[in-house]
Structures are given as C-alpha cells and as structure tokens.
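Source: prediction; values computed, not measured. Residue numbers begin at 1 in each chain, while the letters A, B, ... track the order of the sequences.
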2 protein chains.
Amino acid sequence: MVVTLKDIAKETGKSITTVSRALNDYDEVSSATKELVRNVASELGYTPNIFAQRLQKQYTDTIGLIFPTFGPRFSDPFFSELLAGIGNQAADLGYDLLVSTRAPGDEEIKAYRAMVQGRRVDGFVLVRTRRKDARVECLQEADYPFVAFGRAKGRYEFPYVDEDGLYGMRLLTRHLISLGHRRIACISPPPELMFAHYRLQGFKDGLTEAGIPTDDALLRVGNLTQRDGYEQAKILLDLPSPPTAIAACNDLMAFGAMSAAQDRDLVVGKDISITGFDNIPMAEYSHPSLTTLHQPLYQIGAMVCKMLIRLLQGEELDEKKILLKPELIVRQSSGLLKS
Amino acid sequence: MVVTLKDIAKETGKSITTVSRALNDYDEVSSATKELVRNVASELGYTPNIFAQRLQKQYTDTIGLIFPTFGPRFSDPFFSELLAGIGNQAADLGYDLLVSTRAPGDEEIKAYRAMVQGRRVDGFVLVRTRRKDARVECLQEADYPFVAFGRAKGRYEFPYVDEDGLYGMRLLTRHLISLGHRRIACISPPPELMFAHYRLQGFKDGLTEAGIPTDDALLRVGNLTQRDGYEQAKILLDLPSPPTAIAACNDLMAFGAMSAAQDRDLVVGKDISITGFDNIPMAEYSHPSLTTLHQPLYQIGAMVCKMLIRLLQGEELDEKKILLKPELIVRQSSGLLKS
DNA sequence: CTTGACTTCCAAAACGTTTTGGTATATGAT
DNA sequence: ATCATATACCAAAACGTTTTGGAAGTCAAG
C-alpha cells in the first residue's frame, strides 16, 4: 500500500506532472493547486520513492565512507568520534552515509571500485590517508569527487582537511626539551601513513632546533594500538641508556607506553615523561592524565563532510586545503627531568 | 558514457530481455548466447544501474544502522569494534550498510522513520537496546525486519543476540567475594539501558547468594564514560566507609575509577580492586591490566548482521534468541583484600 | 500431417519519478 | 479582430532494469 504520485493525481484530479511540480514547488503551478496537492499528499502519507528519484535524476544524495579496519579487534576511539562528526553532518544536510569497513589492501580497493562503478554514492570521504594512496589514485582516475582527512603524495591535488602534525610534534618536543629532557624517544606510526611522516618530522625538527642529535635507537614504529605502544616502550626501556621521555604519536600508544613504564615501577610524569597525540576523551582520565595534542576530531569529520557536500552541489570551496593547528594540552604525564 | 543493457543488446544483436536474462543466468537462454552476452558485457565494462534494479525489484540490498551517539565527544571503542563486525559481514554477504548517527531521542526516531518510510533499507540492526525502546516499537509497528544487539521489554518478541550480563556480573562478583571483599561497589549504566538492568541484577545476585546485604550507598550510576567512572569512584572513595572493590559495568568506567583511586595513591589490585566489563583491547594494556568480562563484540556484530540477512532472504533462523556467556578474564586490577 | 512439448528469443509493460514539449485559456496591447 | 504574453495545466518520454505474455522454430510422437 505504498502511495505514489499517481494516487495523489487520481485523488486531486490533477495530472502526475502537476502533482510532481506542486510538491517540488515549481512556479508554474497555482498556489491553490499546490495547497491542495500538499494537503492530499500528507493526508495519504506520501513519501517519494527514493530509487525512482535517483534513477531519474542522476545523483544519489549519498556519500561513501570506507573505514580502514585492522583485523577483528579494531577498536579505535579515534574513528568513532570521526564517524559521529561525519554522520551527524551528513544527516543534517540531508545526505545518507554509506559505510563500508575493509582492511587496507585489495578488498578495500575493490570496495571503492564497486561503489564507483555502480555510482552508488555521489562522492567519498577518505580517512587516514597513506603516503602513496591507492584510494586517491582510484578516485582521481574515475574522476570521482572526494575530500580527505589527511594529505597524500601524488601527481594531482585534492581538497583535504588535515592537522598540522609537524607543527604539533615540534611544539610537543619543545615542551619536553623545556622540561630538561634530552634523550627523547618517539614511537611513530607505520611510515606508509601520511600523518606518520609529518609527526615524525616535527619531532625531529624539534630536536634539531634545540641542537640535539637524533638517535635512531630512540625511534620506534608502532601500529597505533595500545599493545604496540606497550611493546615498543618495553624495547626502549630495555636500552642500555633508556630515554627519559617518550613521545608516542597517538594517545593509544601513549597509554600502552605508560603501562610498560608502570610495570617497571616508574612513575610517569616523574621518572619518565610520556606524551600522546589526538587528545581522545580518555586522555583526561588516565592515570596520570596524558599530555597530548588536541585534535578536534568531531569537528574535522563535520568539516570534511560539509566540504564534500559543497563540492557535490557545485559550489566553490573557500579553502580547498585546510591545515589545523593542534593545541598542546599539558597534563601530568610529562614532568621535569629528574636530576 | 555509462554502459547499459541497451548497449549490449545493440552490440550483440539480441534483445534487451535476452541480455538481461543471459546476465542473470536464466535457463531459457542458450549457452552460446549467454557466453556471447557475458563477453560483450565485460568488454564494455557493464555494471548494472543499481537504482534501476532497486526500483524494479522491490528491495535494496542495504541494511540500516543508526548509532546512538552521545554528544560531540562520542568515543567508545565498544562501537568501533561492533561496527567493524557488522560492516565486514555485510560486505561479505553483498549488502550495503547505511549508517546514521544520532543522539537518542526525537531526532533518532525521525531518522528511523525516514529510512522506514522511504524504504531505503531492507532491515535494521539495532544496537544498545533500551528498557522501553521506542526504536523497537517504531520498527515493529511498521512491520520492518530487524535484529537487535540486546534485549528489551515489550509486548512482542524479536530476534536478538545478547550477552548474558546477569551471569557475567554474578561470576565477577563471586570472584571479588572469593578474594575476601565484602564492601563491593557497583557503577552501573543508566537504568534505561537494558543491559544495565541485567548487569546490576547479576551484581546483586552475586552478593545475595553470598549472604552479603546490598548497601545502596555503594550503588552508583555512570554514563559509560571514563569521566563518569572517575567521578563516581571519587564519590565512593569519599564515603565514610569506602568500598574495597569497585565493579564498573564497562571497561571505560573502570579505567576512570582506576584513575580516581590512583589519584589517591591507592594501588589498584592491592589497596582496592576494580573491574570492568567488555574486555576492550585496551583492558589488557592498562596499568594495572583490567579484570573484566570478555564480550566478543566483533563476532556479535557479525552474528547480528548475518541473522538479519538470513531473515531478509526469507530463511528461518535456527535460533532467534542468542545469549552468550561472557568469559571472566582475571588480570591484575583485582586482588586479595588487604587484611 | 497434426499435435504438443520444448527451446530460444522478443516487444512491451512495469517500477515511480522528473523533464520535455506541448496545449488551452485568459489578459492586455495594438 | 489580431497578436503577444502569461498562467495553469497535461500527455508522453525518459531514467535502466526485470517481468509478463507471447511467438517462432524444432523435434518427436501420434
């Protein structure tokens, strides 16, 4: 018992054309007719068949989002906040959000191709860009609109929002240095992730500008999980001359590093300083609370989404490339170097 | 230059009907023709227009999921793991996932109604059921298929997967009692959440069966966040006769409670025992590591999704109601009562 | 030779919209 | 009386599929 335009037409005695136009508020329908049609429509409980609309017009009012998930224990607070930002913004602007979750790799690209080929979505939001990002290439090749959270290397440019990881990490490194630390380790994300590059570089720049040589033994890589933070920190603490501060490149790894230090009865913030990046809500309530860089993930999600929808609606973007300065949040996990 | 059936028909010299049938592997097309059509189709790079298909057939091959998000700082590892489970399963079975994020309340129900009215999705996955769940009523009223993660009170039954929170919390309470604890507090979720009821009841049952009276001063409510765990634990620790153990009803609140205890220089696992529920990946790498109940969220997501798709395809479910027994994971945050 | 069954194919209708290309009537200017 | 313009409407086409209801041809049985 689905109500269609035809039913309204029959009921009002008007043609389907007129009904359609009345509902879409065209000029060439008298206001009396419009009123009539609208009343009957709401009386019958009419809702347009979205697939008929989409078949006719050639767009879908849907944006695509493919989350790169790593294995079954994918559990990153980072993503849920970002998703909320994107999702709420999309809903507010009347767009649907088609979400897929795939591990990076072939399956992921296949998922993109399927959405592109089938023209299932009008455009994409890309998250966590990679250095040489197959997804970017895939979408650019197909000339599909997208906005990314993160930058990438490549031939062509694309609109993005990104946090200025270089600036942020430099700020943070300076902070640690100002506390007296000289042996500072960094646990950075896998280098294929674009933001890993900036954050690591910022760290190195911070050292360099203070005249501290970088010690490769103090540079570790972790897969952004608490587990990896824990394990890499263990390795660092086992060094003959261990660091007095560890800058983890995200909060989750920082938590892991904190656990590793605490397992050895080090007091974090006194015996050793540990810092993160992202300022996920948990950072405020860990013990000790975490010194980190704030990244407004919810807002970033909303921004990226809004930019994409602007693009889809043919508007020009005021700014195609947005770089946000993360804010240093000093809490208890970083403290003066014990003399 | 989108390739349609018409193009293939023209190219092969067959009719559109035959082409459609060849591609759908109907019997009444000769194998020679099938072969020809299929070759031409892949040569031209044909992909069916999904909206035309959906208009014609009356289903969408899409399932809906509306995440209840609480404010901008929505950041729950619980959800990302669940999403991954649902998303990957849906993709594997050839279904799209339409995700919306809305705070519980009017907007949320409106989102459901919009999806239902517009027949945008074939069915729903419902997560985090509430005692009297407007979403359940909305969907049952519209006779829309759905499978829930969680139970709910109501007139009619529905298929669900749920963890046996009552059993789990009883197990955990017993564990704490066996360690010598008698003054045990519980930080439970807001009572409108259905699982809050079971977990709290399990806690009470555990006390009762050991002959320990429940002290209402030791029952606190928190909104599942680390922050709330922190604050409720502070209140508990300020009591004239504070608890020696705190059972938080999820891991996030347990982490918050741990921070609160540690802020007072209590050693968690020695001076006080603190436990969680969910066993999110972080639980293993907190300091101390968290005693908790394991809930296989990824698998639950996958199960719920699979059940729904079964339903949509008209199959009977072997089991309409699945109750999983959570497993007690004893780690360092719970220890013998200090005498 | 006729009949019926089977195989292989096709034209047209249907799904529910929006858009195209009109028509009919009224109004006012010439 | 004629023309131009504006207003209010509509039939039919289009979007790209699947399904309906045949039709033509072949073959074997009667």
Quick note, Leu55(B) side chain, CB onward, closest among dA8(D), dC15(C), dT18(C) is dC15(C)

Could you tell me the separation between the NZ atom of Lys34(B) and the C1' atom of dT7(C), rounded to a whole number of Å? 12 Å

May I have the distance from Gln56(A) (atom CD) to dC15(D) (atom C1'), rounded to whole angstrom? 6 Å

Judged by each residue's nearest nucleotide on DNA chain D, which is more toward the 5′ side, Lys57(B) or Lys57(A)? Lys57(A)

Using a cutoff of under 3.5 Å, can you pull out all pairs of nitrogen or oxygen atoms linking the protein to nucleotides 24-27 of chain D, with atom names and distances?
none

Check whether the ring centres of Tyr112(B) and Tyr144(B) lie less than 6.0 Å apart, and answer yes or no. no

Taking CD from Glu28(A) and C1' from dA24(C), how many angstroms apart are they, rounded to a whole number? 15 Å

dC15(D) P sits how many Å from Asn49(A) CG, rounded? 18 Å

Which listed nucleotide (dT17(C), dT18(D), dT17(D)) is nearest to the side chain of Tyr46(A)? dT17(C)

Between P of dT19(D) and CG of Leu5(B), the distance in whole Å: 12 Å

For the pair Arg155(A) and Glu137(A), find out whether any cationic side-chain nitrogen is under 4.0 Å from an anionic carboxylate oxygen. no

Nearest heavy-atom contact between Thr33(A) and Ser30(A) is OG1-OG, 2.7 Å

Those residues of residues 7-27 of chain A lying under 4.0 Å from DNA chain C by at least one heavy atom: Ile16(A), Thr17(A), Ser20(A), Arg21(A), Asn24(A), Tyr26(A)

May I ask you to decide whether Glu107(A) forms a salt bridge with Lys110(A), counting only side-chain N to carboxylate O separations under 4.0 Å? yes

Salt bridge check, Asp92(A) against Arg102(B): does any charged N sit closer than 4.0 Å to a carboxylate O? yes

Report the distance from atom CD1 of Ile50(B) to atom C1' of dC15(D), rounded to the nearest whole Å. 15 Å

Tell me whether the OP1 or OP2 atom of dC15(D) has a side-chain N or O from Thr4(B) closer than 4.0 Å. no

To the side chain of Ala52(A), which of dT17(C), dC9(C), dC9(D) is closest? dT17(C)

Could you check how far CZ of Phe51(A) sits from C1' of dA14(C), rounded to whole Å? 17 Å

Presence of salt bridge, Glu157(B) and Lys321(B), under 4.0 angstrom: yes

Does a side chain donor of either Tyr298(A) or Asn88(A) reach within less than 3.5 Å of an acceptor in the other side chain? yes

N/O donor-acceptor pair, side chain Gln58(B) with base dC15(C), under 3.5 angstrom: no

Against Phe67(A), only a single residue in Phe124(A), Phe149(A), Phe79(A) fulfils ring pair (Phe, Tyr, Trp, His ring centres under 6.0 Å); can you say which? Phe79(A)

Does this structure show an ion pair linking Arg128(A) with Glu108(A), if we count only N-O contacts that are shorter than 4.0 Å? no

dT17(C) phosphate, OP1 or OP2, under 4.0 Å from Tyr59(A) side-chain N/O: no

Can you tell me how far the CG atom of Leu139(B) sits from the CG atom of Asp133(B), to the nearest 0.5 Å? 9.0 Å

For a quick check of understanding: with a heavy-atom distance under 4.0 Å over all strands, which category does Gln53(B) fall into, base, sugar-phosphate or nothing? sugar-phosphate

